[in-house]
Amino acid sequence: MDRLDELESQSIYIIREAYYHYKKLAVLWSIGKDSTTLVWLCRKAFFGRIPFPALHIDTGYKFPQMYRFRDEYSKIWGMELYVSRNEEAIAAGMGPERKLDCCTALKTQGLKLAIAKYGFEALLLGIRRDEHGIRAKERYFSPRDEQFKWNYQDQPPELWDQYKNQAEEKTHIRVHPLLHWTEVDIWRYIQREQIPITELYFSKDGMRYRSIGCTTCCNPVESDASTVDEIIEELETTTTSERAGRAQDKENTYTMQKLRALGYM
Amino acid sequence: MQENLKFVAVGHVDHGKSTLIGRLLYDTNSLPPDKMDEVRLMSEESEDAPEFAFVMDHLEEERTNRVTIDTAQIFFKTARRHYTIIDAPGHKQFLKNMITGSTQAEAAVLLVDAEEGLREQTHRHAFMLRLLGIKQVMVVINKMDLVDYSKAHFDQLSEKIVARLRELDIDVKPEMIIPISARLGDNVAGRSDNLLWYEGMTLLEALDHLKSSKIAEETDLRFPVQDIYDVDGEKVLVGRVASGRIEAGQEVIFHPSGKSAVISQVKKFEEDVEEAEAGESIGLVLRDNRALKAVRRGEIACPVESSPHVSNTVVATVFWMSGQPLQKNETLDFKCATQQVPCKVKKIGERINSSSLDLIAEEAEELRETEVAKLTLKMDNYVSTDPFETIAEMGRFVLMRDNDTVAGGVLH
């Protein structure tokens, strides 16, 4: 087994554990490269037919290419797709001028509404430790209380592939099968498996997105990388961090921590 | 493909683990410029010199109180290979987080403050490393600047450490004891003019010397059944090979039920495989579905000629990780591989303090956080296990109380 095989096997093990313990499960799909890789791993884990839905938290501000990709591949892969939007907030005019309040209202609240509506006990998320210092502190199976609060001061111990089996009433468990993958690992796996990825990641007019979210708060970087091979080459030499173009990581040093403590992904 | 080594940095609080890691990343140019700016900005807002510990301590509480609460994992690379550093907290109250971090490591770097020497958590962490089966331990004597970079001091402390670790059955080679100053950068990535008497390796060179440990393949097959899926009308047992190899056509016996079966197929999605090795997540199809009636999650597929220890009583070395002590006769959930059964704690023997190794009681009524004891557990059902030293995945377990992991243990 090489490194990618090991990463893949570990992730599949975690995904299967989550499904065994939590039947009301969903995979959070943001249409980005990580969550699409996660969906791909779910297809492998369940031999092609994922027995739970994919959940897209739509803020209304996503790139049109993302919506197209989502609709096309959910059909091709035969997935049940749930789309959740915080309609009330959007109608009331919530938008990026409100900065972090917007992330909280449209993403975090959007997720809360979905959980309340569908009764999910656990969610699969594609976050990785190397994306952000705060995410580096995460567990594979991480509980969230009723208010979605992340009690990072007192996380459950995780030893030897033994994870939290049950969600207490009114809480949910976040499962992170990609924690141990790095940005380069993801791209190498995409390359090896030929996983379809939205075109936004590839260079257009000398710019490409290294990390994607809403059109309003996402900035592209200068790059000529237009294939997966070129992206990998670029990553091996870059010194900028992946999320350098994301507004919510910048606001204030502890923004990400505050957001995550309130339930953000 | 690039090789990767995961190591955990442990040691007493304030002996400099977080600073060391920050320094390591800084010296190997593993920090992106925007991150370096962040660190410098943070340090400017306080009074002291640039604090590399900030790189690892990302939680606001950690930076404000200057203490690491939970582990983090960070990646860097040398010319030789890629590394994952697991930073573990040094405070006694966060021991369970140090344990969580350590169980993912292949090697450990034990940090000791040159001036303070061996302290309570130094002993406790060393003991825990041994218990958790981490045999590759490197010792780093930090803050050499505070003892004037003295060779005599270093030699004396090294001797003490080697002796102490030998008592714990940990063998540290003399060349794997490295003098450094993380704060000032001496002997971390490059040699230092302050340590001219020192002829050994720098910290980076020593790290490159560590051996990667892969899951044992030469040991006997153990395949714990994780779940059973229905794939296009066919029953497939899924799970991850814990040790050894498995191949199509092989006859296996499932324990503890004792049912035998022949593997007709080893399955992966859209891939034809004939066999699988330790660590691989796969699906198995049995030739005869009759065996399936007895097989469920928790059963372990083993070779005909090699059986695990099947019993409803075990004696194990257990470390307690909960603020609420264990009481004798308590009922907990025993989880080993994919097995989960309720068990009763019949005896708490040889209760010790994991730092001083003092015996608290030959036989005790309770066990407290950070303490270790030999527990006798009586299960509601038969379980299959192997000694930890032989097949690690089948010799280690956790105990759960109300759905939370409260202890870990190893079987001898």
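Residue numbers start from 1 in every chain, and the chains themselves are labelled A, B, ... in the order their sequence lines are given, proteins ahead of strands.
Two residues are said to be in side-chain contact when any heavy atoms from C-beta on lie closer than 4.5 Å; Lys96(B) and Gln155(A) fail this criterion.
Both the backbone and the side chain of Asn165(A) have a heavy atom closer than 4.5 Å to some heavy atom of chain B. Interface residue Arg43(A): backbone and side-chain heavy atoms are both found under 4.5 Å from chain B.
Here the closest heavy-atom approach between residue Ser9(A) and residue Gly279(B) is recorded as CB-O, 3.1 Å. A pairwise comparison of heavy atoms in Phe319(B) and Trp160(A) identifies CZ-CH2, 3.9 Å as the closest pair. Nearest approach of Tyr229(B) to Ala45(A), heavy atoms of both residues: CE1-O, 3.5 Å. Taking every heavy atom of both residues into account, Tyr163(A) and Met400(B) meet most closely at O-CE, 4.3 Å. The minimum heavy-atom distance linking Leu159(A) with Gly408(B) is given by the pair CD2-CA, 4.1 Å. Across every non-hydrogen atom of Glu158(A) and Thr103(B), the tightest pair is O-OG1, 3.8 Å.
Considering CZ of Phe47(A) and CD of Glu234(B), their distance stands at 9.5 Å, rounded to 0.5 Å. Note that NZ of Lys44(A) and CD of Glu271(B) are 5.5 Å apart. Values are rounded to the nearest 0.5 Å.
Using modelled atom types, one side-chain atom of Lys164(A) and one backbone atom of Asn403(B) make a donor-acceptor pair closer than 3.5 Å. Remark: the backbone N or O of Met1(A) is not paired with any side-chain donor or acceptor of Glu280(B) at under 3.5 angstrom.
Options Leu132(B), Asp333(B), Val238(B), Asp232(B) differ in how many heavy-atom pairs under 4.5 Å they form with chain A, and the most are formed by Val238(B). Put simply, of Arg49(A), His180(A), Glu17(A), the one with the most heavy-atom pairs under 4.5 Å next to chain B is Glu17(A).
Under the ring pair (Phe, Tyr, Trp, His ring centres under 6.0 Å) criterion, Phe223(B) pairs with no residue at all, not counting sequence neighbours. Among residues two or more places apart in sequence or in another chain, the ring pair (Phe, Tyr, Trp, His ring centres under 6.0 Å) test is passed with Tyr19(A) by Phe46(A).
Between Lys335(B) and Asp161(A) there is no salt bridge, since none of the side-chain N atoms of the basic residue sits less than 4.0 Å from a carboxylate O of the acidic one.
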